[in-house]
Structure formats: structure tokens, C-alpha cells
Amino acid sequence: MSEEIVKIKGSKSGLQLSFADGATFDDVRQDIEDKLVSGTGFFLRGTLVLLPSDAFTEEERGKLQKLFHEHGLICRTMKPAEQQTPSEKVREESKQHQEAVKKAKAEKDKVQEMVVVNRTLRGGQEIRTESSVMVCGNVNPGAQIIAGGSIDIRGTCRGMVHAGAFGDSTAFIIADHLMPTQIRISNLIARSPDEMEKTERAERASIKEGRIVIEPIER
Amino acid sequence: MSEIYVITSGKGGVGKTTTTANLGVGLAMRGKKVVLVDTDTGLRNLDLLLGLENRIMYDLIDVTEGRVPYKKALVRHKKYDSLFLLPTSQVKDKMAVNPEQLITLCNELRKEFDYILIDCPAGIEQGFKTAIAAADTALVVTMPEISAVRDADKIIGELGRADKENIKLIVNRIRPQMVENGDMLDMEDIDDILSLECIGQVPDDIKVVTSTNKGEPCITMDDSQAGTAYRNIVGRMCGEDIPFMTFEKEGFWTRLKHVFRK
Ligand SMILES: Nc1ncnc2c1ncn2[C@@H]1O[C@H](COP(=O)(O)OP(=O)(O)OP(=O)(O)O)[C@@H](O)[C@H]1O
Ligand SMILES: [Mg+2]
């Protein structure tokens, strides 16, 4: 059979069942019973199963419910509001997906834009942007950069720098002398050692294996 | 051509008023016509350092509020007659003068004086904004100490925001022995953060305090190291190229001298 009689879709609340067009109650019942007996797939004990409210008669649905109960599953009828035919659902989802992709792309474009700061950021000054930041100057103690993208400092960084501030964990921070009070990338925080030597080489901070690591780079 | 300087710091007590009084006297000693404007309303003490407290009749607020012309409020120095003080009120607060009023006043003063030095209150609030409004150049005073340098940095940022690009640094209360021992920031540490042209390095000097009590700034004393440092700043303000002095340290030989004296 090319089409499954009983289609199962996982959702937050439980397993949503839908039935092939034209499938009779007996076909469905048989299919479900086979699946339950074989014990494979989705039908595990304690799982919530949702039946479409427009399928079959109430009596028939009651029979299916009983069948599930016998195998230790919980069965409910979906309220019409929650109910969607699978094809609609898929279409809707793919639309959502497309939108999400579009949005992510837009965000990526924003990240690829760059804010260039041609001066030293002094204590109390702050740059906050969704894109990346390049500073031609120092970032002094008490200054802050919060960037959606990466941060490149052509000078000494002694302030607080947060790259990937909106969750981009591939963002990085580069400085000629990287000696900030705090480095944040995405949702990770690294504090500077209490005694900090002035570094001689440019360094790059990024996330590797779930930790912020700092390594020297050439430039 | 007159020049308007504001002497500012962010952090309080680092030596703004001391610097204003000394530079004022120093410039007057060179024959320049100088007015010192005290904008630290409510906490005036520039008059004390100059020994002029008992001569004050009117103040800055009387002038900006139009009660008297500025000439009536000026107090001439006892000894240096090209030096004047425009004192401020001790009963009003810093909201009593706004930036426009000070700019108007300074434009008047420009016609009369070679140098206008404005003593700024500590902090970055309204009083600071008013004090810097009219200035051509800002002299940022700091001390070799983390918190003072941080505040100076912040002030420099604020000055930049107010489009004051002409900013120079004075480092006050340097203790060479402590710098030597690594217990105090040295000029390199300070320059690392502030990266600003420095026109003064003033040592910590007990004579600053004793001279204050006499109402005669230490710049007039030949035997004061701080006095020499202030004279050098005055020279640099007048366009001379003066190298920075090396401080006499409480080194091995001086300590030995002390021993022999005892
Ligand atoms: N080079 C120095 N050596 C020793 N003492 C100094 C020196 N400079 C300033 N002082 C002392 O430090 C104290 C504060 O100085 P001053 O009043 O000039 O600071 P200020 O910045 O004007 O303070 P405020 O913020 O309260 O206006 C004074 O007692 C002064 O005598
Ligand atoms: Mg003062």
C-alpha cells in the first residue's frame, strides 16, 4: 500500500493521528492494532494519542480509545481548534520554515554589516549594535561593546566586549592587545585573570567545544 | 588673541583648584592679563588659595543674572595686578549658571584678557557641562591612581561628546619613590589608557599645602618642586618647548645626607 492508513505525527502534546482518505473504520482499527501488537514505533506505553474529532462516529472513536487504553496508552479526541489536516500543517510549516530562513538570512546580512569606530572608546562609552564592530583605537576600561556579530579591535581592549550578543556562537573577538575585564561570546562569559600582563601579540577569542578560548593570531 | 582654558578632572580633590591658582599666578608673573573664573558654585575655594576671600563683593551669579557688570565682581590680586578672580557664590548651587550664560560672559572677558582659566567642579553633571561650554582647551588633571585615571578617561570622553577636541593632560601628586617601587602608576601606564598630550607632571609636594595656607600659590617659591613643575606648564602654555623635569628621589644619597645631618 502506497499510503499509510494511519499517519502519526509527533507534536508537543502527543501523537496526532490522521487517517488516509477513504480508509474504513475497520482498516484503521486493524492497522492500529497491528502497530500496537508489534510494539514498534511510536506507540509506547503512557503516550498521549490524539484522534481527529471528525473521524468516524463517536462510538467508533470510543472503540479506538478502548483499544489504546488496553495497550497502556492515553487517548483523547482533539478539539477542533487544534485540528489540522497533515497536508495543511506541512504547508503551514514549510511556510514558517521559509520565513525563518528568510529572517535568519536577514539577520546574517545585518551581522555582515560592520560598524567602524575610528576613535578610542573611553570609560562610560558604549557601542550597541546588531552587526559586527571594528574599532580603530582602544577600548578603555569601563567602555562596552555589545555586538550581534564579531568584534575587531585595532588597539588595546581593556573594556567589556560581548560578541554574538544575540546568540551567534560563531562570533569572535580580535584585538591587538586583548586584555578585557570580561569577554562574552553568545551566552558564555570569561573573566580576565586578576593580574593581567600586556599581551604582545594579537589574539582571538572564540567558542570552542563550549568554552571561550583565546589564541594568538598573525595579522 | 585670548585663550579660554577649563581645568577639569572628573574625580574630586585631584588638584584642579590648586592648578588653576598656580597657572593663573604663573601667567600673571609673565605679565599676561589673566582672569580666573570659579565655577565650583557652592564650594568656592579658589579665593582662599589666592588669599582673596575678604575682598569679595559680588560673585559669578550676580553677573550671570545681570545684577552687576562683570567688572564690578572681579577681584584684583594683591601682588600680581594683571591677575583677577571672578569668584562664585557659596550659597547658590551649580544649576544657578547655565552654559549659554557662561559663554556670553567669556565672550565679554575675551575682549579684556589674554587668558581665561575656568576652575571646574568635580563630576560630570550640570556644573561640569557649564564649565566646559566656553573653553577652547581643556586641561584634564589626574593623579597616578587607577580611579583618578578612569575618571579622567570618562571626562575625556565627555569632552569629546561636547566637541572639545583640544585636550591636554596634567598629572598631579606624583611620588617618584612610589613610582620607582612600582606602587604607583607611571607616565607610561597613564598614557596607555588616556593617550593624551601631557603638558604637566607635578610632584606631590608639602609646599603646596603650606603655601595654600598662606594664600600664596607655590609657583612663586623657588624651592618648591611643584612650583617648578607649574612654571614649566606655564612655559608650555606660552608655546615654549620645555623638557619634563626628573624628580629628585629620596634615593640612597639623599637618605645618606639625612643620616649625616642627624
Ligand atoms: N601636588 C600636590 N602636592 C601635595 N598636595 C596637593 C598637590 N596638589 C593638590 N594637593 C592638595 O590636595 C587637596 C585637593 O586639591 P584641590 O582643592 O586643588 O583639588 P580639586 O580638584 O580642586 O578638588 P575639588 O574637586 O574638591 O574641587 C588640597 O588639600 C591640596 O592642597
Ligand atoms: Mg576645586
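The basis for the numbers below is simple: all heavy atoms, side chains too, and nothing from hydrogens, waters or symmetry mates. Each chain gets a letter, A, B and so on, in the order the sequences are listed, and its residues count up from 1.
Using non-hydrogen atoms only and a strict 4.5 Å limit, the part of residues 190-200 of chain B facing chain A consists of B:Asp192, B:Ile193, B:Leu194, B:Ser195, B:Leu196.
For the residue pair B:Ser9 and B:Lys16, a side-chain donor N or O sits within less than 3.5 Å of a side-chain acceptor on the partner. In this model, a donor atom of one side chain and an acceptor atom of the other lie less than 3.5 Å apart for B:Thr228 and B:Arg231.
A 6.0 Å sphere centred on CD of A:Glu58 holds no more than 12 heavy atoms belonging to other residues, nucleotides or ligands.
The shortest distance between side-chain heavy atoms of A:Gln16 and A:Pro52 does not fall below 4.5 Å.
Of the listed residues A:Arg119, A:Arg158, A:Gln125, the one with more heavy-atom pairs under 4.5 angstrom with chain B than any other is A:Arg158.
Salt bridge annotation for B:Arg173-B:Glu145: absent, with no cationic side-chain nitrogen under 4.0 angstrom from a carboxylate oxygen. Taking a cutoff of 4.0 Å between a charged side-chain nitrogen and a carboxylate oxygen, B:Arg175 and B:Glu180 do not qualify as a salt bridge.
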